[in-house]
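Please read the structure below before turning to the comments.
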Amino acid sequence: MSLTLEQINTASLPEAAALLDGLYEHSPWIAEAALAQRPFRSLAHLKQVMAQIVRDAGREPQLALIRAHPELAGKAMVSNTLTAESTHEQTKAGLTNCTPEEFARIQTLNADYNAKFGFPFILAVRGPRGTGLSKRDIIDTFARRLDNHPDFEVAECLRNIHRIVEIRLNDKFGVEPVLGNLVWDWQEALAQHSDPGYAEKGQLTVTYLTDAHRACAQRISRNMRDAGFDEVHVDAVGNVVARYRADRPNARTLLTGSHYDTVRNGGKYDGRLGIFTPMACVRELARQGLRLPFDIEVIGFAEEEGQRYKATFLGSGALVGQFDPAWLDQKDADGVTMRAAMQHAGLCVDDIASLRRNPADYLGFVEVHIEQGPVLNEIDLPLGIVTSINGSVRYLCEVIGMASHAGTTPMDRRRDAAVAVAELALYVEHRAMKDADSVGTIGILQVPNGSTNVVPGRCQFTLDLRAPTDAQRDAMVSDVLAELAAICKRRQLHHTLEETMRAAAAPSAPAWQQRWERAVSALGVPLHRMPSGAGHDAMKLHEIMPQAMLFVRGQNAGISHNPLESTTSDDMQLAVDAFSKLLDQLATEF
Ligand SMILES: [Zn+2]
């Protein structure tokens, strides 16, 4: 018999503690402390309370918790003295079935890890889908984490422990994230398509209108039809557009979706999670024969990342009438024009203008996206409410001084361009940190034709400055540029400045942000509001309709635009559940 939350909420304290026994390895104090905060509204709520207790416990109890765990494929496994839960997990990951070479490699890693950190390596070996990591993944992760800072590794071990507990809880309660697994599997299948040159290396790269890109469009279309959408088509720029009809004619439409193209050697969830999450919701509606008082339009945007052509947000931009016909003559690295690529893909460029949406037909736009940053992962929260997509501005700059002999030019007679930019870089860091949620980056900093023995006469660099509102961004920009001018004046240098990009901030529409907040609260998950540092399709739709986004926690410190990008099927399930709650609210409102 599986446990129920009702049992946990109503049992006496000792009984409830006994029911939760075995969650945190040899550490019953965590569940016992959590029970003081009953009643729990959901399993997600219980997990959150326990994670908070561990976070508040301080370093010594945290280290004791980590040390209560066995080594991977270690002595305890060999001598059969693991707990039942650990035996199950290590067996499921195939660790009881290592080749002699794998076993030797893991023992070396165990010894190195212990020597460096003083605690055992903890990894949730059942992985983000709960079905078990491969031994290859386990060994690679082990080797990678050896390079981490000790403080980070303590936190990463604790996060893995919480994930182990999450899976143990699912087992105890007989819960399976069925729709999260489905969303996971859709993404895994879609990731089988990758551009030539990357596919062979097992890397994921899907750029605009390549064979792999068109195969993705076909697969998403197939998934949409199977899910029960009434209409599915690929539009004139390659967007996959699916509509689930309302229970009445002439209803307005909820628009949602995200992009299916990727950066080179990217992750499987960036963009795609925002297509498949609503798709899972529509699949459930269709299975139950339910219609809502509004249409649901889910779009897989063909292009967001600007990898093959210098045109970002091409897919969502077309919906707001921002497709620039000049783009059609742009060539990719192989000299293929966008026009030729579109013709080859069977797309009719004459139809692009008609993709523009009439805002009066729409309720608004929502987008689910993997966070692509470390924040939610760090605070042990699965979902985040986006308050605004940061406004940004980029500059290409150069400081010009005087190149001179590195040996003969005294320090007080130099006009060193690179040192000036170094000084500016420190200022940018300091200035951005003064604001809440501003970020500033000098991503390129180079001395053209520099030499070891020459004082840099020129230094080229970029500035990327972002903030949740245009006013906050502009104040930072004006301070940074004033500082650049002041540094150059003091050092007798001059500089050039070219603005290469400017995007307005896209604050979430308050009513839509509140709908996400109510949806997340209804799941028993504490609210965390945050700006989006990255640009998203929602910022295009923002120009013609209200929008708000929901972020989903990423694993591996939230890394993105990287093959290590990951999230769990449990978190995907929560995203699906939140989206369903949002649909429920809209159904009562409109
Ligand atoms: Zn994205």
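In listed order, ligands and their atoms are each counted from 1. Computed from a predicted structure; not experimentally measured.
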Is it the case that [X] and [Y] place a side-chain donor and acceptor less than 3.5 Å from each other?
| X | Y | value |
| --- | --- | --- |
| Glu565 | Ser560 | yes |
| Thr253 | Glu297 | no |
| Asp195 | Thr207 | yes |

Taking the six-membered ring of Tyr260, is the NZ or CZ of Arg214 close enough (under 6.0 Å from the centre) and on axis enough (within 45°)?
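Pair Arg214/Tyr260 does not count as cation-pi.
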Taking 4.0 angstrom as the limit, do Arg145 and Glu153 come out as a salt bridge?
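Here Arg145 pairs with Glu153 in a salt bridge, since their nearest N and O are under 4.0 Å apart.
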For the Zn ion (ligand 1), state how many protein N, O or S atoms fall inside a distance shorter than 2.8 Å.
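Excluding waters, the total comes to 3.
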Donor-acceptor pairs are to be reported for all side-chain atoms of residues 513-526 against protein atoms at under 3.5 Å, with residues two or more places apart or in another chain.
from   : atom 1 : to     : atom 2 : distance (Å)
Gln513 : NE2    : Glu517 : OE2    : 2.9
Arg515 : NE     : Glu589 : OE1    : 3.1
Arg515 : NE     : Glu589 : OE2    : 3.0
Arg515 : NH2    : Glu589 : OE1    : 2.6
Trp516 : NE1    : Ala548 : O      : 3.1
Glu517 : OE1    : Arg529 : NH2    : 3.4
Glu517 : OE2    : Arg529 : NE     : 2.7
Arg518 : NE     : Gln585 : OE1    : 3.1
Arg518 : NH2    : Gln585 : OE1    : 3.3
Ser521 : OG     : Glu517 : O      : 3.0

